[in-house]
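Throughout, protein chains are lettered first and strands after them, A, B, ... in sequence-line order, and every chain is numbered starting at 1. Atoms considered below: every heavy atom in the structure, side chains included; atoms not considered: hydrogens, waters and symmetry mates.
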Amino acid sequence: MGDAIVVTGMGIVTGIGVGVESTLDALLHCRSGVGAVRYLSTAHTDIPVCEVPMTEAEMRQRMDIPADVVTTRTPLLSLMAMREALQQSHLQPDSGRVALINGTTVGGMEKSEQLYLSFFDDKDVAYIAAHDCGAGTAFAADFFGRFSQTTTISTACSSASNAIILGANLIKSGRADKAVVGGTECLSKFHLNGFNTLMILDRERCRPFDDGRNGLNLGEGAAFLVIERESEAKARGAEILCTLEGYANSCDAFHQTATSPEGEGAYLAMTQALADSGLQPSDIDYINAHGTGTQNNDSSEGNAILRVFGNDYPPISSTKAFTGHCTSAAGSVEAVISILAMQHGFIPPSLGFETPMADVPVVPQKFLKTGVSLTHVMTNSFGFGGNDSSLIFGKYQPEKQTHTSSVYDEKRRVFIGGASQISVQQPLGEEWFENPIFYNEKYVRALSPDYKQFIDPKAARRMGAVLKRALTTALSALPTADGSAIDAIITGTGLGCIENTEKFLRAMVVDGEQLLTPTYFMQSTHNTISSQVALNLHCHGYNCTYSQRGVSFESALQDAFLQFKLGKIKTALVGGHDEMTPDYYDLLDKVDFWDGTFAGETALTMFLENRQTEAAWCELLDTQLFFRPSEEELQCTLDAMLQRHGLQRSDIAAVMTGKDENADNNRHYDDFCRMLPQAAVLRYKHLFGEGFTMPAMGIYAAAVCLKNGKIPSFLTNNSDKNIDKPRNILVVNHFKDLEYSLALLSNV
Amino acid sequence: MEELILELKKQIIEVLNLEDMKPEDIDENAPLFGEGLGLDSIDALELIVLMEKNYGIKLNSAAEGKDVFKSVRVMAEYIQAHRTK
């Protein structure tokens with residue numbers, strides 16, 4: 001029997017309270033935080049929201065962050081919640097291997113929308129570097145000390161739940177001892193207007209599961225948990241708040257912004273979470289539903305609940321009329337609320353509920369119920385693209401044996417069965433390998449294949465370039481036409497569909513908040529890419545998206561690797577996708593982002609599987625992420641990695657690096673390569689350019705070398721000789737000396 | 001009416017980015033959603049904005065749109081009866 005994953009700390013900030021105590025007080029006094037907009041500057045003053053009652057200046061003061069430090073409201077919210085969780089757990093992040101897994105989608109948008117036009121006059125342009133999702137996570141990691149690895153999950157409204165899932169998997173795998181997991185999201189004019197174009201914002205307080213429900217209210221907030229192994233929590237004397245009993249993520253694969261009437265994704269998430277926990281539906285004492293208050297969600301979720309639990313479903317409520325819909329933070333906000341309900345023996349009411357839904361016979365808890373004993377609680381979070389996650393928490397019972405449905409097993413293997421790319425070298429195919437193109441321009445867009453071969457023009461009409469490329473590479477990476485055989489779709493993207501995001505932003509800033517349209521908005525969530533692939537392949541399996549700047553793709557690869565080693569999947573598509581727009585290129589150029597390289601676009605999808613076929617390119621032996629690693633940490637981890645696979649440093653034929661023409665960037669690669677003096681030093685960015693997910697092309701190029709049994713001289717740093725029959729290639733990447741990644745590939 | 005139908009077809013092709021279509025490819029009597037053009041809920045929202053932007057007609061919910069967007073002809077008739085610009 002394995003070690004249980006337990007919760008030893010939690011922190012929360014929402015419109016109903018700053019901190020766990022005030023949140024509990026609001027819940028027990030049925031105090032909603034939904035009301036007229038006070039802090040966000042918007043023309044839509046008739047739309048109620050639920051804001052954290054603090055200005056940015058007050059948050060900075062509380063966390064002792066001077067006004068001139070570049071950061072935004074989303075990370076500031078996360079800092080308050082993380083500090084509370086760390087304090088309750090009595091944990092210092094630099095003690096042992098503590099991972100930080102954050103969920104967000106809005107990132108620094110709230111600042112970008114205020115400063116957008118002034119960016120182009122060089123004013124405040126430093127804030128462009130705080131725009132992407134990963135920037136806030138890295139800021140938070142630096143604020144608290146030294147985490148062993150950090151990444152950001154961006155699956156819209158299920159982001160925080162998926163962050164909790166990844167944290168637990170990292171602990172199960174032994175890659176982390178503890179994890180700080182959750183999500184954060186501030187209100188932005190961008191997503192308020194976006195949801196408004198979808199016509200799903202109620203002009204009154206939302207009424208989840210009520211027949212007259214008329215949409216959701218947006219909220220903001222952050223919540224984080226500290227999770228760790230039961231044995232370690234006990235050994236260090238930490239108070240155990242509850243156990244994480246089980247979890248699952250599934251894809252509805254129905255529509256980008258609507259859920260299927262029967263709630264297939266929600267049904268799969270709930271049943272698989274139950275299976276993961278070894279519990280029966282009758283063991284669940286309370287469901288904290290996603291319950292947004294939209295017509296579509298509540299009837300679909302209600303149907304899914306009936307399918308899982310039957311007519312004897314446990315008490316259900318949605319707490320969204322308390323906190324509003326905290327989007328990327330919703331999963332952890334409601335995890336904290338569910339844990340509080342279990343700790344204090346109450347069921348929070350579905351505020352505003354009056355009349356049962358006519359079409360779906362599910363009736364939520366109308367009034368607060370106290371004095372109840374809850375042993376297991378389930379909380380649901382569903383995101384755009386049908387990204388559905390369920391978590392089950394349990395009362396801590398020291399004597400109880402832990403159910404382990406999935407055990408991490410090093411012996412399970414992962415092969416790169418194929419890959420497909422669209423780049424400046426070639427749109428699809430590997431012929432570039434014999435005849436590469438060298439560019440002198442500073443900014444080159446990827447070459448275009450004939451998309452009509454892959455995508456129905458009716459579907460393509462709404463897709464930006466990055467989506468078309470992602471779908472085309474995914475379809476062409478598949479070994480057979482049967483996409484439903486894919487168990488997981490995982491994507492890394494630094495900026496998502498930035499072109500359409502920018503179009504929506506520009507229209508909103510230049511033309512105002514009226515007459516905006518939904519098409520660009522619905523593509524602005526980073527997980528649109530994974531969702532579109534799932535939709536096209538009818539894939540209901542695991543679906544996740546990472547957005548952590550220079551290690552976005554490697555975060556996706558690590559997740560796939562964990563899923564294989566946990567025995568949860570047999571096949572996966574892992575993508576690295578980013579597009580570049582002229583505006584974004586210029587803004588990043590102003591902050592010297594492109595110093596010493598040219599800007600490129602990434603479109604790569606790898607097909608991974610657990611068995612070795614004749615078509616296999618190579619084996620993925622291992623992956624590793626780091627945050628600000630010391631030299632000693634890099635050495636120890638590398639040696640441990642090699643040892644796991646019976647290898648020595650001298651067995652590495654070559655190190656593929658992200659070297660370019662920038663001395664500051666290259667220095668860190670030179671330092672690393674000194675550990676492996678016998679290995680040839682390779683590079684790839686002179687062929688593909690620089691970009692957040694460009695390491696995907698480094699791993700891809702290494703895989704092509706192993707497949708072809710040859711490393712061509714143009715990939716070597718300073719040699720004119722080809723290297724024949726390489727056995728093992730180690731790929732190393734770093735992003736501004738903050739985030740590092742390793743991927744170890746071996747020939748087959 | 002026929003003029004308005006043609007104008008509407010052009011606008012629909014533009015806002016819904018129906019790249020390879022010409023006005024004559026759209027049957028003004030065929031359903032816009034489901035069969036026919038095969039549009040979906042997002043397209044309906046785009047058409048709601050089109051109605052407000054070009055004709056000053058404000059629909060308050062996607063449900064209201066359902067009756068109006070039955071076909072290009074029904075849409076044109078509704079516009080003629082309710083337009084404010």
Exercise. Who in residues 501-515 of chain A is close to chain B, using a strict under-4.5 Å heavy-atom cut-off?
Worked result: A:L515

Problem set entry | Side chain to side chain, A:M522 and B:L45, heavy atoms closer than 4.5 Å | no

Exercise. Relative to chain A, which segment of B:L47 carries a heavy atom at a distance below 4.5 Å: side chain, backbone, both, or neither?
Worked result: neither

For this session: Sequence neighbours left out, what passes side chain to side chain donor-acceptor pair (under 3.5 Å) with A:D211? Give chain and number order.
Result: none

Problem set entry | Over 12 foreign heavy atoms within 6.0 Å of CZ, A:F353 | yes

For this session: Counting only heavy atoms closer than 4.5 Å, note whether A:L516 contacts chain B via side chain, backbone, both or neither.
Result: backbone

For this session: Answer yes or no: does atom CD of B:E24 have more than 12 heavy-atom neighbours from other residues, nucleotides or ligands under 6.0 Å?
Result: yes

Exercise. Residues in salt bridge (Lys or Arg N to Asp or Glu O under 4.0 Å) with B:E46, at least two apart?
Worked result: none

For this session: Kindly determine whether B:D20 and A:K458 satisfy side-chain contact (heavy atoms from CB on, under 4.5 Å), including the steps that lead there.
Result: CA-CA 9 Å; B:D20 298 333; A:K458 218 185 226 171; over 6 Å; no

Exercise. Side chain, backbone, both or neither: which part of A:T257 has an atom under 4.5 Å from a heavy atom of chain B?
Worked result: side chain

Problem set entry | Region of A:P457 in contact with chain B, defined by heavy-atom distances below 4.5 Å | side chain

Problem set entry | Separation of B:S61 OG from A:N214 CG (nearest 0.5 Å) | 8.0 Å

Problem set entry | A:Q256 side chain near B:I42 side chain, heavy-atom distance below 4.5 Å | no

Problem set entry | Set of side chain to side chain donor-acceptor pair (under 3.5 Å) partners for A:K468, sequence neighbours left out | none

For this session: Select one option (side chain, backbone, both, neither) describing which atoms of B:I48 are under 4.5 Å from chain A's heavy atoms.
Result: side chain

Problem set entry | Close side-chain approach of B:D40 and A:R462, heavy atoms under 4.5 Å | yes

Problem set entry | Flag, side chain of A:R461 to backbone of B:E19, donor-acceptor distance under 3.5 Å | no

Exercise. In terms of heavy-atom contacts, does NZ of B:K22 have more than 12 from other residues, nucleotides or ligands at under 6.0 Å?
Worked result: no

Exercise. Of the non-hydrogen atoms in A:M199 and B:A62, which two are nearest, and what is the gap between them?
Worked result: SD-N, 4.2 Å

